[in-house]
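Counting starts at 1 for both ligands and their atoms, following the listed order. Remember, it's a predicted structure, so these values are computed and weren't measured experimentally. The analysis underlying the following values was restricted to heavy atoms, covering all of them including side chains, and did not include hydrogens, waters or symmetry mates.
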Amino acid sequence: MPRCRQVLPSPECECRMLESLFSAKPEFEIVTMTPDDCRAVSELHGQRFAQPWNDGAFVSLLLQPNSFGFVIRQTNARIFKPPLAGFVLAREAAGEAEILTIAVHEKFARFGLGWRLMQAAIRETRSRGGESIFLEVDDGNHAALGLYRKLGFEKAGERPAYYTDDKGQKSSALVMKRDLR
Ligand SMILES: CC(C)(COP(=O)(O)OP(=O)(O)OC[C@H]1O[C@@H](n2cnc3c(N)ncnc32)[C@H](O)[C@@H]1OP(=O)(O)O)[C@@H](O)C(=O)NCCC(=O)NCCS
């Protein structure tokens, strides 16, 4: 009687399989932020900002009637559960929206996720009847300034010496605006 023989992949074949598992181009989805996301959002905020906001702060901001947010997640990770890739939190009132905070995980920097999150916030602002959108940014934050300028935001004001870093160094806050009309 023939024996059932297990055919093992060659080492070369195993290497190719592992390579394809790890090198798949990441794909992402953007969904509306819910209170259940706030723990992961707060963790990522703590990684990207010197003064972290706890999950309770995110839940209470999100539950305010004029607030809205989006999170972005990788959808095709095969082995490990990926970290939250990014989020944006905003609010809109009387035709004006404000970006309260936005961050993208360092691992996914320059994948276009900040751009997608901002586009989602802009679309949502428009759908609520908003005509302009404001934000505040440290004038030394080149990544954020690059993103906002690319999106068409322009300087609308400045608060000198508004931020202090952990070495006591002061920097200005730029107020930026984009007209949505
Ligand atoms: C700012 C931030 C959200 C950008 O996210 P991101 O997903 O890496 O940005 P994107 O890949 O969407 O970049 C879009 C554009 O922004 C600009 N940009 C992004 N990172 C940049 C950098 N490090 N330097 C210069 N420009 C940059 C570029 O114009 C870029 O377009 P390009 O890649 O075609 O040149 C991210 O760096 C971050 O989370 N920073 C820490 C938190 C923070 O500072 N939040 C903003 C507070 S106001």
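- Counting protein heavy atoms only, atom 38 (C) of ligand 1 is closest to Arg48 NH1, 3.7 Å.
- Residue Tyr162 qualifies as open at atom OH: its count of foreign heavy atoms under 6.0 Å is 12 or below.
- With hydrogens and angles ignored, the 3.5 Å screen pairs a side-chain donor or acceptor of Ser42 with a backbone N or O of Trp53.
- Residue-ligand proximity, Tyr148 to ligand 1, at heavy-atom distances under 4.0 Å covers atoms 46 (C), 47 (C), 48 (S).
- When the heavy atoms of Leu135, Val137, Val104 are ranked by distance to atom 5 (O) of ligand 1, first place goes to Val104.
- Linking ILVMFWY side-chain heavy atoms closer than 4.5 Å, directly or via other members, places Ile102 and Met176 in a single hydrophobic cluster.
- Contacts of Arg110 with ligand 1, taken as heavy-atom pairs under 4.0 Å, involve both backbone and side chain.
- Using a 4.5 Å cut-off between side-chain heavy atoms of Ile, Leu, Val, Met, Phe, Trp and Tyr, with links allowed through other members, Leu89 and Phe68 fall into different hydrophobic clusters.
- Atom 2 (C) of ligand 1 lies below 4.0 Å from none of the non-hydrogen atoms of the protein.
- Listed by atom number, the atoms of ligand 1 under 4.0 Å from Trp115 heavy atoms are 12 (O).
- The nearest heavy-atom contact from the protein to atom 29 (O) of ligand 1 is Lys150 CD, 3.5 Å.
- Atom 14 (C) of ligand 1 has as its closest protein heavy atom Leu147 CD1, 3.7 Å.
- No donor-acceptor distance shorter than 3.5 angstrom exists from the side chain of Thr125 to the backbone of Gly130, with no hydrogens or angles considered.
- Nearest residue to atom 6 (P) of ligand 1 from Gly86, Ala144, Ala173, Gly114 is Gly114 (criterion: closest heavy atom).
- Residue contacts with ligand 1, taken as heavy atom pairs separated by less than 4.0 Å, involve Glu136 solely via the backbone atoms N, CA, C and O.
- A donor-acceptor pair under 3.5 Å links the side-chain atoms of Arg178 to the main chain of Leu151, judged by distance alone.
- Of the protein's non-hydrogen atoms, the one nearest atom 44 (O) of ligand 1 is Asn141 ND2, 2.7 Å.
- Residue Ala103 approaches ligand 1 through these ligand atoms, each under 4.0 Å from one of its heavy atoms: 39 (O).
- In terms of modelled atom types and a separation under 3.5 Å, the side chain of Asn76 and the main chain of Glu27 share a donor-acceptor contact.
- What you find for Arg73 and Val31 is that their closest heavy atoms are NH1-CG2, 3.5 Å.
- Nearest protein heavy-atom neighbour of atom 45 (N) of ligand 1: Ile102 O, 2.9 Å.
- With ligand atoms numbered from 1 in the order given, ligand 1 contributes 11 (O) to contacts under 4.0 Å with heavy atoms of Phe111.
- In Gln51, the CD atom is not crowded: 12 or fewer heavy atoms of neighbouring residues, nucleotides or ligands sit closer than 6.0 Å.
- At a 3.5 angstrom cut-off on N or O pairs, Gly112 counts as close to ligand 1.
- Without hydrogens or angle criteria, Ser60 side chain to Gly56 main chain gives a donor-acceptor distance under 3.5 Å.
- Only the side chain of Phe49 comes within 4.0 Å of ligand 1, counting heavy atoms alone; its backbone N, CA, C and O stay farther away.
- Of the candidates Ala109, Ala85, Ala143, Ala143 brings a heavy atom nearest to atom 23 (N) of ligand 1.
- With hydrogens left out, the protein atom closest to atom 25 (C) of ligand 1 is His142 O, 3.9 Å, a heavy atom.
- More than 12 non-hydrogen atoms from other residues, nucleotides or ligands lie less than 6.0 angstrom from CZ of Arg48.
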